[in-house]
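Keep in mind that this is a model prediction, so the values were computed, not measured. One-based numbering, in listed order, for ligands and for the atoms of each.
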Amino acid sequence: MPSDLPIGILDSGFGGLSVARAVRARLPAERIVFAADCAYAPYGDRDEAYILERLGRIISFLVAQRVKALVFACNTATAVGVRRFRALLPMPIIGIEPAVFPAVRHTRSGTIGVLATSRTIASEKYARVKERALDWAQVSRPMPIHVIDQPCPGLMECVERGDFGSPEVERLLALYVDPMVRAGADEIVLGCTHYPFLAPAIARRAPGAHLIDPAPAVAEQLERRLAFLDLLSREAPAAADPTVFYATGANPAREAVLRSLWPGRPELLELA
Ligand code: DGL
């Protein structure tokens with residue numbers, strides 16, 4: 001596979017841009033095709049069949065763009081579909097999962113909070129991620145560790161609207177973040193790729209807590225996989241950002257949201 005092909009990054013919406021920006025920062029010579037399934041989002045409150053069907057369509061689109069690797073910049077999509085699509089496709093597929101392990105490692109209070117979609121929190125994959133982290137903690141941390149799982153319906157929709165701090169955002173964060181703060185959480189895992197865009201609002205409600213965004217670790221893992229497969233781009237970094245953005249239901253309002261999240265007035269193309 002030629003190393004100058006692009007990397008495909010997908011999400012149900014614009015949350016995946018939090019991962020794309022980490023990839024852009026770490027791998028400036030790579031071309032990126034970003035695909036957001038805005039018209040069919042959110043995924044987080046839907047059943048597995050729906051999510052798999054949508055992923056099939058978005059991935060077919062990216063495969064037709066001849067991507068050399070795929071990044072599931074969506075915890076929900078990773079929890080539901082990464083195993084299946086790894087078995088079906090020849091290219092490397094990098095997923096993302098709630099960063100429970102670093103939270104468990106660094107907590108001083110022994111209480112950590114996980115903000116994620118309902119589907120992620122209900123998934124077997126998340127149960128395994130948590131179990132592995134807690135097993136490690138049992139032998140390595142001299143304290144009981146308590147994980148508060150918090151599904152956050154409605155929160156990704158705020159980011160999709162370009163709303164990062166309205167009274168509605170505050171109302172939802174009061175429901176989702178305040179109880180974990182009251183319970184003493186000092187590590188808060190941003191377990192959905194939309195939530196890093198709400199980090200300032202979350203931090204205001206949880207001033208003593210450390211927020212964990214796994215996007216840089218995903219970019220690092222992508223780099224390792226591409227290097228191992230000798231697929232890192234050999235081109236010099238382009239003068240202009242070579243990222244291309246597609247969305248289902250592309251329209252001027254969605255393009256405006258994209259522009260509030262990504263520098264350089266990017267265009268949003270329709271993903272048909
Ligand atoms: N950004 C996605 C995630 O990381 C999900 C948002 C959604 O579609 O509910 O889980």
Side-chain angles (χ1 to χ4, degrees), residues 8-23 34-59 70-83 85 93-100 103 113-127 129-130 149-164 168-169 172-173 175-176 188-199 202 211-219 221-222 245-249 254 257-258 261-262 271:
I9 303 184
L10 64 88
D11 183 29
S12 59
F14 291 130
L17 295 170
S18 64
V19 176
R21 74 181 168 189
V23 172
F34 184 84
D37 200 11
C38 300
Y40 296 86
Y43 287 177
D45 309 321
R46 309 304 292 256
D47 62 30
E48 297 206 357
Y50 177 90
I51 298 168
L52 288 171
E53 204 267 320
R54 289 311 309 163
L55 285 175
R57 288 175 189 265
I58 301 298
I59 290 170
L70 279 171
V71 178
F72 279 31
C74 177
N75 294 263
T76 311
T78 303
V80 171
V82 80
R83 251 215 320 225
F85 287 101
I93 302 183
I94 311 300
I96 186 166
E97 59 193 27
V100 182
V114 178
L115 303 171
T117 67
S118 308
R119 176 60 51 204
T120 296
I121 286 184
S123 69
E124 270 172 46
K125 185 161 173 52
Y126 175 62
V129 164
K130 206 164 62 171
D149 292 327
Q150 182 59 63
C152 304
L155 213 48
M156 78 77 83
E157 289 91 328
C158 297
V159 174
E160 290 293 297
R161 288 195 298 271
D163 173 3
F164 308 109
E168 173 62 4
V169 169
L172 292 172
L173 294 182
L175 284 175
Y176 301 149
I188 296 182
V189 177
L190 304 178
C192 166
T193 54
H194 283 76
Y195 306 161
F197 294 117
L198 297 171
I202 296 170
L211 308 185
I212 307 182
D213 171 9
V218 172
Q221 170 67 1
L222 171 66
F245 301 89
Y246 288 91
T248 50
R254 289 196 168 118
V257 175
L258 168 66
L261 297 173
W262 196 272
L271 191 165

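At a 4.0 Å heavy-atom cut-off, the residues surrounding ligand 1 are Asp11, Ser12, Pro42, Tyr43, Gly44, Cys74, Asn75, Thr76, Thr117, Met156, Cys192, Thr193, His194, listed by chain and number.
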Test ring-ring contact (aromatic ring centres under 6.0 Å, His included) applied to Phe34 and Trp262, step by step: CA-CA 12 Å; Phe34 184 84; Trp262 196 272; 7.5 Å; no

Show the numbers, then the answer: is there a side-chain contact (heavy atoms from CB on, under 4.5 Å) between Leu190 and Ile202? CA-CA 10 Å; Leu190 304 178; Ile202 296 170; 3.8 Å; yes

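Each of Val82, Thr193, Ile96, Ile9 was compared with Phe72 under the side-chain contact (heavy atoms from CB on, under 4.5 Å) criterion, and only Val82 meets it.
We find the CG-CG distance between Leu70 and Leu55 to be 10.0 Å, quoted to the nearest 0.5 Å.
Using a 4.5 Å heavy-atom cutoff, the side chains of Ser12 and Arg54 are not in contact.
Under the 4.0 Å criterion applied to side-chain N and carboxylate O atoms, Glu157 and Arg161 are not assigned as salt-bridge partners.
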